[in-house]
Amino acid sequence: SRQPLGESGVYYESRNSASWLERVFPEGDGDEDYDAFRIDSGHTLYYPTRHFGFLNVTPRAGYRGTYYSDTYSSATVSNDLVVTDSNGVVSVTNEIDEIVRAGGSAVRNVYELGFETSFKAFRVWDDLIVMDGGDGLRHVAEPYLQHTYIPEPNYTPDELPQFDSVDELDKRHDVRIGMRNKLQTRYDKVAVDLVDLNVYTTYRIEKEEEDEDFSFVFFDGELRLSRKVPIDFDGSYDQYEGEVDTFNTQVAYLLDDASTVGLEYRYRRDDQNLIALETVLFPNNRWSFQAYGRWDTEADGLQEHSYYVQRRSSCLGYGLGFRQVVGDEGEKDDNQVWFQFWLLAFPDTSIKLGGG
């Protein structure tokens with residue numbers, strides 16, 4: 001975690017991981033499966049400062065080294081082909097192919113410079129009583145700016161096996177411009193966020209030819225207007241086409257016995273339009289139940305549904321579940337049944353038996 005380096009005013013943060021990763025493609029996809037061992041180690045220095053009594057400015061410098069057991073290199077190969085037509089005329093054509101070769105192990109070096117700056121403005125209404133007995137209301141507005149510069153690393157993404165966002169790191173020079181707004185109240189003299197909304201976009205100082213100057217406008221919000229109905233949402237807006245590109249939201253209703261009913265909606269332009277419903281009943285009782293269903297509103301059909309029942313005895317917990325993933329047209333459904341049990345003294349360790 002981020003921690004001070006003595007009395008220097010500099011803070012140090014480090015993230016490290018080691019993993020064996022494998023990527024498997026569906027049969028008939030045409031791509032070959034691959035795997036790799038990866039060690040990722042990132043280190044960043046921060047120097048937070050305050051100016052004019054309100055403006056926060058934090059320069060930063062970082063290094064990220066990532067070891068890969070396998071890399072790739074591409075090469076252009078030219079082949080001369082001799083062709084004889086039906087009249088006996090001989091001609092020579094030149095065929096150019098792009099081939100990919102294994103490159104052995106390597107360490108990718110990524111260097112980063114940048115800074116963050118922000119300030120906060122407040123407005124307080126002490127005498128205002130909000131819903132659920134909240135005492136007072138405070139509005140916090142925080143405009144911010146984040147600059148990032150990463151020169152081109154010694155290995156680019158097309159030379160590395162791709163598993164997640166770590167492998168996608170490449171040269172970058174941009175500024176994120178955003179505004180965070182919060183509405184807060186007090187419950188029993190403790191400040192609580194009623195609304196937390198973050199809206200931002202990124203200006204590309206250096207960009208590819210096909211890129212626009214600005215990225216989409218992104219938003220990420222949490223609503224806690226009622227303590228029984230938490231609402232989370234996020235998404236992005238394409239300001240160039242004037243359309244919502246993605247939108248996800250989760251709404252839950254919390255009962256007094258910790259039971260929940262949750263509704264989720266996921267939208268991706270021209271690709272996805274899903275609704276999911278999940279119910280968890282009596283999670284703290286001896287018997288408890290869960291049910292889940294997901295529908296595709298574009299295909300007008302049920303995609304997946306599952307049911308799970310569990311029981312707790314004095315020292316042992318066990319449960320029985322069923323899950324069905326509905327196959328596409330002409331394909332069979334995927335049915336799974338499982339039995340699971342665990343020691344209550346070790347709730348994170350369980351044995352699961354099942355089959356499809």
Side-chain angles (χ1 to χ4, degrees), residues 13-45 60-78 96-116 146-178 200-218 220 234-236 238 240-241 245-246 248 268-272:
E13 182 178 273
S14 177
R15 296 178 181 270
N16 305 277
S17 67
S19 52
W20 177 267
L21 301 166
E22 182 178 16
R23 187 166 186 179
V24 179
F25 294 92
E27 292 185 11
D29 186 74
D31 293 313
E32 294 185 6
D33 301 345
Y34 57 83
D35 53 49
F37 179 65
R38 187 182 75 190
I39 301 176
D40 183 51
S41 182
H43 309 269
T44 309
L45 296 175
R60 71 180 186 278
Y63 166 76
R64 189 167 188 168
T66 309
Y67 167 82
Y68 290 88
S69 61
D70 296 291
T71 60
Y72 305 115
S73 62
S74 59
T76 302
V77 179
S78 177
I96 298 177
D97 293 325
E98 189 81 13
I99 62 173
V100 178
R101 297 170 177 167
S105 62
V107 175
R108 181 195 60 190
N109 300 307
V110 177
Y111 301 92
E112 178 178 342
L113 291 174
F115 67 90
E116 304 169 12
Q146 298 176 356
H147 170 262
T148 299
Y149 172 65
I150 300 176
E152 183 172 301
N154 56 331
Y155 284 87
T156 55
D158 61 318
E159 299 174 296
L160 301 171
Q162 294 295 303
F163 300 104
D164 54 33
S165 59
V166 173
D167 315 306
E168 297 173 358
L169 292 176
D170 203 352
K171 65 179 181 179
R172 175 182 169 187
H173 194 192
D174 55 48
V175 176
R176 175 177 291 186
I177 306 165
Y200 59 91
T201 187
T202 300
Y203 173 70
R204 302 180 177 103
I205 300 175
E206 295 183 16
K207 62 185 182 70
E208 301 296 332
E209 185 176 346
E210 66 275 9
D211 289 336
E212 302 285 356
D213 290 336
F214 286 89
S215 71
F216 292 165
V217 176
F218 295 87
D220 187 354
D234 64 79
S236 58
D238 181 354
Y240 297 101
E241 297 292 335
D245 186 64
T246 61
N248 307 303
R268 185 183 297 121
R269 181 173 49 175
D270 302 327
D271 181 56
Q272 190 180 78

Are side-chain N/O atoms of Thr156 and Glu159 paired as donor and acceptor at under 3.5 Å?
yes
Quick one: salt bridge (Lys or Arg N to Asp or Glu O under 4.0 Å) partners of Arg172, sequence neighbours excluded?
Asp174
For the CG atom of Leu169 and the CG atom of Asp40, what is their distance to the nearest 0.5 Å?
8.0 Å
Search all heavy atoms of Ile177 against all heavy atoms of Phe214 and return the closest pair with its distance.
CD1-CE2, 4.5 Å
Which heavy atom of Phe37 sits nearest to which heavy atom of Ser19, and what is that distance?
CD1-O, 3.3 Å
Excluding sequence neighbours, so at least two apart, what forms side chain to side chain contact (heavy atoms under 4.5 Å, CB included) with Asp70?
Ala36
Check whether Thr202 reaches the backbone of Ser215 with its side chain - one donor and one acceptor, N or O, closer than 3.5 Å.
no
Please report the shortest heavy-atom distance between Tyr34 and Gln162, naming the atom on each side.
OH-O, 2.7 Å
Of all residues at least two apart in sequence or in a different chain, which pass the side chain to side chain contact (heavy atoms under 4.5 Å, CB included) check with Asp213?
Tyr203, Lys207
Thr44 backbone acceptor or donor facing Ser14 side chain under 3.5 Å:
no
Check: Ser41 main-chain N/O paired with Tyr67 side-chain donor or acceptor under 3.5 Å
no
Do Thr148 and Arg60 have side chains that get closer than 4.5 Å, going by heavy atoms?
yes
Answer yes or no: is there an ion pair linking Arg23 with Asp167, defined by an N-O contact shorter than 4.0 Å?
no
Less than 4.5 Å apart, side chain to side chain, heavy atoms only: is that true for Val110 and Thr66?
no
Report yes or no: do Tyr72 and Asp158 form a side-chain donor-acceptor pair below 3.5 Å?
no
Side-chain heavy atoms of Asn154 within contact of Arg108, under 4.5 Å:
yes
Answer yes or no: are there more than 12 heavy-atom neighbours, outside Glu32 itself, under 6.0 Å from its atom CD?
no
Arg38 and Leu160, any side-chain heavy atoms less than 4.5 Å apart
no
Crowded around Arg15 CZ? As in, over 12 foreign heavy atoms under 6.0 Å?
no
Do we see a donor-acceptor contact under 3.5 Å between the side chains of Thr246 and Asn248?
no
Expected output: side-chain Thr201 to main-chain Phe216 donor-acceptor under 3.5 Å
yes
Can you name the nearest heavy-atom pair linking Pro153 to Asn109, along with the distance?
CB-O, 3.3 Å
I want to check something: taking the side chain as every heavy atom from C-beta on, are Leu113 and His147 in contact at a cut-off of under 4.5 Å?
no
Flag if over 12 foreign heavy atoms under 6.0 Å of CD, Glu210:
yes
Mind checking whether Phe218 and Tyr200 have parallel, tilted or perpendicular rings, split at 30° and 60°?
parallel
Of all the heavy-atom pairs spanning Tyr68 and Thr71, show the shortest one and how long it is.
CB-CG2, 4.3 Å
CZ of Arg176 to CD of Glu116, rounded to nearest 0.5 Å, is 10.0 Å
